[in-house]
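Contents: one structure, followed by commentary.
Note on naming: letters A, B, ... go to the chains in the order of the sequence lines (proteins, then strands), and numbering restarts at 1 for each one.
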There are 2 protein chains.
Amino acid sequence: MNDKVKAFEGRCRKAGLKLTHQRLEIYRELASTYDHPAADDVYKRVQKRMPTISLDTVYRTLLTFEQFGLAARVHAFDDRARFDANVSPHQHLACTRCKSIQDFRWEAFEQMESPVEVRKWGQVKSKHVVFKGICSECLRKERKHAT
Amino acid sequence: MNDKVKAFEGRCRKAGLKLTHQRLEIYRELASTYDHPAADDVYKRVQKRMPTISLDTVYRTLLTFEQFGLAARVHAFDDRARFDANVSPHQHLACTRCKSIQDFRWEAFEQMESPVEVRKWGQVKSKHVVFKGICSECLRKERKHAT
DNA sequence: CTAGTTGCAAATCCTTTGCGCCAGT
DNA sequence: ACTGGCGCAAAGGATTTGCAACTAG
């Protein structure tokens, strides 16, 4: 965790981004969780330690992180954006019931060659898979209710 | 095209959905294009032939189509939802510059077995790939400006 | 010092909703 | 006729923006 923050500080300096308390706290929060929080969630959590932070700073900061490759935006559901400090290649599992999002690696996919249409289409920057369905937790709850 | 509409009518009857002019026009519009319009685009286009239609009817109708499997919502960008009358398996190419979205088939991917983590995660309903990058059209324009 | 950042409040954009009237079956 | 669907207007929610005050480098 502290390594992540150290790396983050270095990346900020290199990019010419000022290391403000807000950015540090927001990054720390994002890097310490695997649940892909929405901007609002990040705001609420950071607010506990830094009561004066404002929601728009969180939005602005997350946008900055995204632009500098320090965090990624996840488009699993369309109601609100979700964020991820994990910027190395990985794929997502998204539960349509509880809206949870989980990372997983899929090297067979990541190393697969893209079809010709894709190469002809233009300059690809990223490829990403999303599986949707119902997570086992939600399935369990459902069975209980059905009983 | 007319086949699509005929099929659509059959599917509506079977599902107990009333075949209103609005639904027919919205479906016709969506099925006649490959550009994955947003609700607002559909509204503007349908409005030309049906000036009294309202935007919220378009939203409601697209939602209904989605729920009954008559159309699909595409989550490529997070600003607004995009829709697709193509509900058979296919993947997407999305240009971050012009926001265009293109379909393509990728059978090697579609037939690939999912990793264990996925099967353990829960009950998967769909899997979908999005490639992001810059389409050749945008690249061409960029080169022109750079000259 | 000074440019980049923040906090506040207001604005904007997309999408949804309540309700009375209308239309498809 | 009955019920679902429509149009209108207004609400709701997420995200962005203008601006003055502040702060990291």
Side chain to side chain, B:Phe131 and B:Gln91, heavy atoms closer than 4.5 Å: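 Result no, sub-4.5 Å side-chain heavy-atom pair not found.
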
Can you find a heavy atom in the side chain of B:Lys127 that is under 4.5 Å from one in the side chain of B:Val118?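 Not touching, per the 4.5 Å side-chain cut-off.
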
Ionic contact status for [Y] with [X], cut-off 4.0 Å:
| X | Y | value |
| --- | --- | --- |
| A:Glu117 | A:Lys120 | no |
| A:Glu137 | A:Arg97 | no |
| B:Lys99 | B:Asp35 | no |
| B:Glu110 | B:Arg105 | yes |
| A:Glu113 | A:Arg119 | yes |
| A:Asp40 | A:Arg45 | no |

Bending between helix ends of the helix from C:dC1-D:dG25 to C:dT25-D:dA1 [5 pairs per end, 10° resolution]: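 Axis-to-axis angle, ends of the helix: 50°.
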
I need the [atom1]-[atom2] distance between [X] and [N], as an integer number of Å.
| X | N | atom1 | atom2 | answer |
| --- | --- | --- | --- | --- |
| B:Arg80 | D:dT16 | CZ | C1' | 16 Å |
| B:Leu63 | C:dT17 | CG | C1' | 12 Å |
| A:Gln67 | D:dT15 | CD | P | 15 Å |
| A:Asp78 | C:dT15 | CG | C1' | 10 Å |
| B:Lys99 | C:dC13 | NZ | P | 15 Å |
| B:Tyr43 | D:dG7 | OH | P | 9 Å |
| A:Phe65 | D:dT15 | CZ | P | 16 Å |

Qualifying residue, where the test is side chain to side chain donor-acceptor pair (under 3.5 Å) with B:His92 and the options are B:Arg82, B:His128, B:His75: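 Result for side chain to side chain donor-acceptor pair (under 3.5 Å) with B:His92: B:His128.
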
Would one find a side-chain N or O of B:Tyr59 under 4.0 angstrom from OP1 or OP2 of C:dT16?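 No, outside the criterion.
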
On DNA chain D, compare the nucleotides closest to B:Thr57 and A:Arg82; which residue's is nearer the 5' end?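 Per heavy-atom nearest nucleotide, the more 5' residue is B:Thr57.
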
Checking all strands, does A:Thr52 fall into the base, sugar-phosphate, or nothing category for heavy-atom contacts under 4.0 angstrom?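 It contacts sugar-phosphate atoms only.
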
Reckon A:Ala38 touches a base, only the sugar-phosphate, or nothing at all at heavy-atom distances under 4.0 Å?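 Contact class for A:Ala38: none.
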
Go along nucleotides 18-25 of chain C 5' to 3' and tag each nucleotide: B for a protein heavy atom under 4.0 Å from its base, S when only backbone or sugar atoms are that close, - otherwise. B-----BS

